[in-house]
There are 2 protein chains.
Amino acid sequence: MTDCSPTPISLAKLRLACGNCSLHELCLPVGIGLDDVDRLDRIVKRRRPSSRGDHVFRLGDEFRAVYAIRAGSVKTYTTTEGGGEQVTGFHLPGELIGLDAIHTGTHPSSAKVLETTSLCEIPFDHLEELSAVIPSLGRQLIRIMSREIHSDDELLTLLGKKSAEERLAALLISLSNRLQQRGFSAREFHLSMSRNDIGNYLGLAVETVSRLFTRFQQLGLVTANNKHIRIERLEDLRALATGSSSCQPRG
Amino acid sequence: MTDCSPTPISLAKLRLACGNCSLHELCLPVGIGLDDVDRLDRIVKRRRPSSRGDHVFRLGDEFRAVYAIRAGSVKTYTTTEGGGEQVTGFHLPGELIGLDAIHTGTHPSSAKVLETTSLCEIPFDHLEELSAVIPSLGRQLIRIMSREIHSDDELLTLLGKKSAEERLAALLISLSNRLQQRGFSAREFHLSMSRNDIGNYLGLAVETVSRLFTRFQQLGLVTANNKHIRIERLEDLRALATGSSSCQPRG
DNA sequence: CGGTCCCTTGATATTCATCAATATCAGTGG
DNA sequence: CCACTGATATTGATGAATATCAAGGGACCG
């Protein structure tokens, strides 16, 4: 019941897992044929849920597979010379992690599970073979990587140009958007990462993050109960995130 | 002589351009066959040199091609709501730009030439077709994009965690490494970008960049004559860049 | 040679990090 | 169920790093 091999469950059921997966359109090419879905299905290993603190992979690990998140959340981070950590991303269902390892064959970052999380493991050699046979699969992979590059560039702007307030607002808006896109509430959600992780990711001290949450509450922008977040004034928060607001306590 | 169409020159000569290009191993899969090089050659459009200030593409432009830099340098940047600019990268010969546009079909950033620069234009639809026929080409593209994602993540660490000194040192070291890899001097080179661009890229004010150059000179780390840079103590600069030094004026 | 842009330098202001103390939370075992 | 423990969060006081403001000096271009 609790062994570590890919959960076998019912083969017939699994066989259609990708086709039925709610993340379907997030990770599959739009026009992919049914038998192609089946072929993809066969190379994907569904792993039993990981729990908070587990590593999906670690810096230095040999690159064998990319991972799709089915449920839960993951943080990726690198370790700097001094032993310091830099969080490079928070990843939600439907997202692919491990893409940065392709070019060297070794993971240049680590991935840690933030809450109970289900992952699909996609062995990369199989994915490459399959991409050669199903061109739209390769194209989709390239598209996903392109999006990744673009969103990293946006993050650069965030860290390079924005104030602490704008950064936190931007993170909350990003999470809100991504959750909504996946069918969750845009206004109310659970922050699976610690304040420390948030600060690290945004390039801020923990204390600053904490003060910001307090200030946002005073301004009536959000209600934050520990990890539970409720966005009260979504548009104002969005305005703050894009820098087009001066953050007044309601005009 | 100075029309805008792809320079025709000698067809026979061009036909082998990719094979002879000094950037060969940077943009071609290692094990690619001769006739495959030929096929790639045929889809690549060599454009006549662009001059400083020219745009390769602009934010909002329809995505048609990616561009390889043969000689010269390019900066990429996005424009924020407030009209502000965020420089997202400086690109040297052998690098590919425009990859962030693939997933939407519209360029989310602009690319501006920093000095007289030769570009190869690679129409993306042709590249996709060719990748379906030459699997190693598609794989190489994916590898290049993977590297891009990884280097963006490193930049995130730079902006999130490092001091002003460390940032500038890291930029100089990065340029030095990349130039050396391309056969140029690692210790002496021309900064084609303005102080403004550097500050923008590093998330610093121009004045700070200027002061840093002064300080680096006082410390004997570099000699900077306007745009001409000479690295005097490469290892010390590298140590500073990785944060493993306290920047003493020579111990 | 004049104009404009870019760079440098100095003085001051601001933001955010750091230090320190307390408070809260999530487990753990009694 | 409660007390205990370590991790995590909040809050306040202080300081350092860097932005901003202001002015002068070069470099490049017509």
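Chain identifiers are assigned alphabetically (A, B, ...) following the order of the sequence lines, protein sequences preceding nucleic acid strands; residue numbering begins at 1 within each chain.
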Check: What do you reckon, is CZ of B:Arg64 surrounded by more than 12 foreign heavy atoms closer than 6.0 Å?
Finding: no

Checklist line | Whole angstrom value for the distance that separates C1' of C:dT15 from CG of A:Leu168 | finding: 16 Å

Next item on the list: Please report the C-alpha distance between B:Thr117 and B:Ile69 in whole Å, then the side-chain angles of each, then the deciding distance to 0.1 Å, and finally whether the side chain to side chain contact (heavy atoms under 4.5 Å, CB included) criterion is met.
Entry: CA-CA 7 Å; B:Thr117 291; B:Ile69 300 170; 4.2 Å; yes

Next item on the list: Check every atom of D:dT18, C:dC16, D:dA27 against the side chain of B:Asn226 and return the nucleotide holding the closest atom.
Entry: D:dA27

Check: Which nucleotide in the list D:dT20, C:dC16, C:dT8 gets nearest to the side chain of B:Ala205?
Finding: D:dT20

Notebook entry, point to check: Atom CZ of B:Arg52 to atom P of D:dC28: distance rounded to whole Å?
Noted result: 11 Å

Checklist line | Rounded distance in Å - NZ (B:Lys162) to C1' (D:dT18) | finding: 18 Å

Notebook entry, point to check: Does B:Ser194 make a side-chain N or O approach to OP1 or OP2 of C:dC6 shorter than 4.0 Å?
Noted result: no

Margin query: At a heavy-atom distance below 4.0 Å, what parts of residues 153-160 of chain A sit against DNA chain D?
Written below: none

Check: According to the interplanar angle, ranging from 0 to 90°, do the rings of A:His107 and A:Phe63 count as parallel (below 30°), tilted (30 to 60°) or perpendicular (above 60°)?
Finding: perpendicular

Notebook entry, point to check: How many Å lie between CD on B:Gln217 and C1' on C:dC7, as a whole number?
Noted result: 13 Å

Notebook entry, point to check: D:dT11 phosphate, OP1 or OP2: any side-chain N/O from A:Ser210 under 4.0 angstrom?
Noted result: no

Checklist line | Pair B:Arg47-B:Val56, side chain to side chain contact (heavy atoms under 4.5 Å, CB included): steps then yes or no | finding: CA-CA 11 Å; B:Arg47 315 207 309 182; B:Val56 185; 4.2 Å; yes

Next item on the list: Report yes if a donor N or O on one partner sits less than 3.5 Å from an acceptor N or O on the other, where the partners are the side chain of B:Glu207 and the base of C:dC7; otherwise report no.
Entry: no

Note to self: Under 4.0 Å, counting only non-hydrogen atoms across every strand here, what does A:Gly203 touch: a base, just sugar-phosphate, or nothing?
What the structure shows: sugar-phosphate

Notebook entry, point to check: Does A:Lys227 put a side-chain nitrogen or oxygen below 4.0 Å from OP1 or OP2 of C:dC25?
Noted result: no

Check: Would you say the ring centroid of A:Phe189 lies under 6.0 angstrom from that of A:Phe184?
Finding: no

Checklist line | Distance in angstrom units between B:Asn196 CG and D:dT20 C1', rounded | finding: 14 Å

Margin query: By nearest atom, which of the nucleotides D:dT11, C:dC16, D:dA9 is closest to the A:Thr214 side chain?
Written below: D:dT11

Notebook entry, point to check: Who pairs with A:His103 by ring-ring contact (aromatic ring centres under 6.0 Å, His included), at least two apart in sequence or on another chain?
Noted result: B:His150

Next item on the list: Would you mind telling me which of D:dT10, C:dC25, D:dA27 lies closest to the side-chain atoms of A:Arg195?
Entry: D:dT10

Notebook entry, point to check: Is there a donor N/O on one and an acceptor N/O on the other, under 3.5 Å, for the side chain of B:Arg211 and the base of D:dT20?
Noted result: yes

Check: Could you walk me through whether B:Glu207 and B:Ser210 pass the side chain to side chain contact (heavy atoms under 4.5 Å, CB included) check?
Finding: CA-CA 5 Å; B:Glu207 294 94 327; B:Ser210 195; 5.5 Å; no

